[in-house]
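Following: one structure in structure tokens, then a few remarks.
Keep in mind that what you see is a predicted model, and the values were worked out from it rather than measured. Throughout, a chain's letter reflects where its sequence line sits, starting with A, and its residues are numbered from 1.
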Amino acid sequence: MKQSETITDELLKIAPGLIELQNKQVYSAPEGYFNSFSQFSLNKINESENTSTITLQQISSKLPYTVPEDYFDSFAQKVIIKTKKAKIIKGQFGYKIIKYAAAAVVIGLIGFFAFNALVANKYNQDNKVFADAQQIIKDNSFEQVLSDIPESDIISYLESNGSDVNTAIVATIVNKNEALPEPDAYLFDDNTLDNFLADYDTQLLN
Amino acid sequence: MKEFPNDKEILNSFNDPDTKEQAFTTLIKKYQEKTYWHIRRMVVDHDDANDVMQNVFIKIWNHLGSFREQSQLFTWIYRIATNECLSFIEKQKKRNATSLNDVAQNLENKIKADKGFDANKLEWKLQLAIQQLPEKQRIVFNLRYFDEMPYEEMSRVLETSEGALKASYYHAAKKIEDFILNH
């Protein structure tokens with residue numbers, strides 16, 4: 001049995017009213033549509049393929065961004081000027097750091113003598129130093145004591161106790177606890193404290 | 001009727017860079033009309049049908065090289081065309097945020113806007129009735145009623161079981177007959 005006969009039989013059972021309407025085409029395509037469609041399709045395909053190629057070629061050579069006129073001519077000079085400014089500011093900041101470092105030195109000395117005195121049970125030997133330290137704390141006379149300490153002593157102390165001084169500086173200069181790195185950060189990166197100080201240094205420069 | 005090379009010959013020519021375009025032209029000429037009417041019955045409007053046709057044949061161009069001949073070429077083309085019709089309708093729905101009823105109304109309006117439309121003619125009533133069906137039922141009805149496609153082949157085109165297709169066609173034909181009788 002032909003396929004058309006099968007379908008007619010099927011319709012006869014389901015919806016006989018539709019048999020007479022089968023194969024009546026109501027729509028029409030524009031004249032010549034099927035003669036030109038294949039060429040039209042090929043043109044479209046070639047067009048889209050050429051467009052893709054051109055776009056890719058352009059991406060590699062043409063960027064949509066622009067830089068201000070003469071930007072590259074003057075860039076090197078600007079960087080050199082910035083570098084010089086930074087050195088001057090850093091010098092001023094360095095003076096502040098020495099002040100804080102000195103405070104750390106005093107605290108370190110107090111701690112050092114107090115620890116030695118306690119551990120070695122040398123209360124008598126170092127009694128004077130310990131008493132002096134207590135007096136400094138009591139009088140809150142850091143500024144006065146600092147001004148009397150020679151800069152060479154401070155530098156020498158910093159060279160031998162650098163990391164302790166760093167910690168003392170951080171504790172002294174940072175007022176907000178939330179500005180400090182998270183405790184976990186020290187576990188993941190050994191340079192956390194150095195990085196923090198470098199950032200802090202940059203912030204002050206700005 | 002014009003004679004065309006068989007599908008195997010077309011595919012071989014398509015895979016040769018020197019004859020690729022010529023083979024593709026032959027393929028289009030061989031299958032364009034059946035594909036067009038399948039699409040046109042689904043989207044109604046010629047301009048929409050033309051858009052879908054272009055997408056279908058661009059997809060064929062892009063993927064014909066990897067066609068594995070596990071199915072007949074025309075079954076494969078029909079599947080692409082059907083999926084393109086469904087995506088086109090889906091996009092229209094999203095664009096207009098329309099419900100199924102709105103889609104049917106939209107298609108009905110397009111039918112009535114056709115220059116050959118005649119409300120008194122049964123064949124136009126049939127077209128109005130078809131547009132009331134859900135999309136997949138509409139495809140099944142069109143493939144069976146107009147294209148006389150065997151269920152076995154339709155099953156490969158729509159990736160649906162023959163039993164489900166038969167049930168779908170039965171419901172579609174019943175609904176259409178009721179619509180024509182009552183309008």
Practice problem: Look at the side chain of B:Q32 and the backbone N and O of A:F34, then say whether any donor-acceptor pair between them is shorter than 3.5 Å. | Solution: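 Yes.
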Which residues, numbered in order, of [range] come under 4.5 angstrom of chain A by heavy-atom distance?
range	result
residues 55-63 of chain B	B:F57, B:I58, B:W61
residues 153-164 of chain B	none
residues 173-183 of chain B	B:A173, B:K174, B:I176, B:E177, B:I180
residues 4-24 of chain B	B:E21, B:F24

Closest-packed option against chain A by number of heavy-atom pairs under 4.5 Å, given [options]:
options	result
B:Y169, B:F146, B:F117	B:Y169
B:L122, B:L27, B:T26	B:L122
B:K121, B:E123, B:R41	B:E123
B:R144, B:K29, B:M149	B:R144

Exercise. Could you tell me which portion of B:Y151 (side chain, backbone, both or neither) has an atom closer than 4.5 angstrom to a non-hydrogen atom of chain A?
Key: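 For B:Y151, side-chain heavy atoms alone lie under 4.5 Å from chain A.
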Exercise. Measure A:L21 against the heavy atoms of chain B and call it side chain, backbone, both or neither at under 4.5 Å.
Key: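 Contact with chain B: backbone and side chain both.
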Quiz prompt | Sole residue of A:F37, A:Y33, A:Y27 in ring-ring contact (aromatic ring centres under 6.0 Å, His included) with B:H46 | solution =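 Exactly one candidate clears the test, A:Y33.
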Quiz item: Where is the tightest heavy-atom contact between A:S28 and B:Y36, given as atom of each residue plus distance?
Solution: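 Taking A:S28 first and B:Y36 second, the nearest heavy atoms are O-OH, 4.4 Å.
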Quiz item: Could you walk me through whether B:K166 and A:E10 pass the salt bridge (charged side-chain N to carboxylate O under 4.0 Å, His left out) check?
Solution: CA-CA 10 Å; B:K166 283 177 187 171; A:E10 191 180 42; over 6 Å; no
Quiz item: When heavy-atom pairs shorter than 4.5 Å are enumerated against chain B, which of A:S41, A:P30, A:G17 gives the highest number?
Solution: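 Answer, by heavy-atom pair count under 4.5 Å with chain B: A:P30.
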Quiz item: Should the heavy atoms of other residues, nucleotides or ligands under 6.0 Å from CZ of B:F88 be counted, would the total exceed 12?
Solution: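 It does: B:F88 CZ has more than 12 such atoms within range.
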Quiz item: Below 4.5 Å, heavy atoms only, C-beta onward: do B:Y145 and A:L18 meet side chain to side chain?
Solution: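 A side-chain contact under 4.5 Å exists here.
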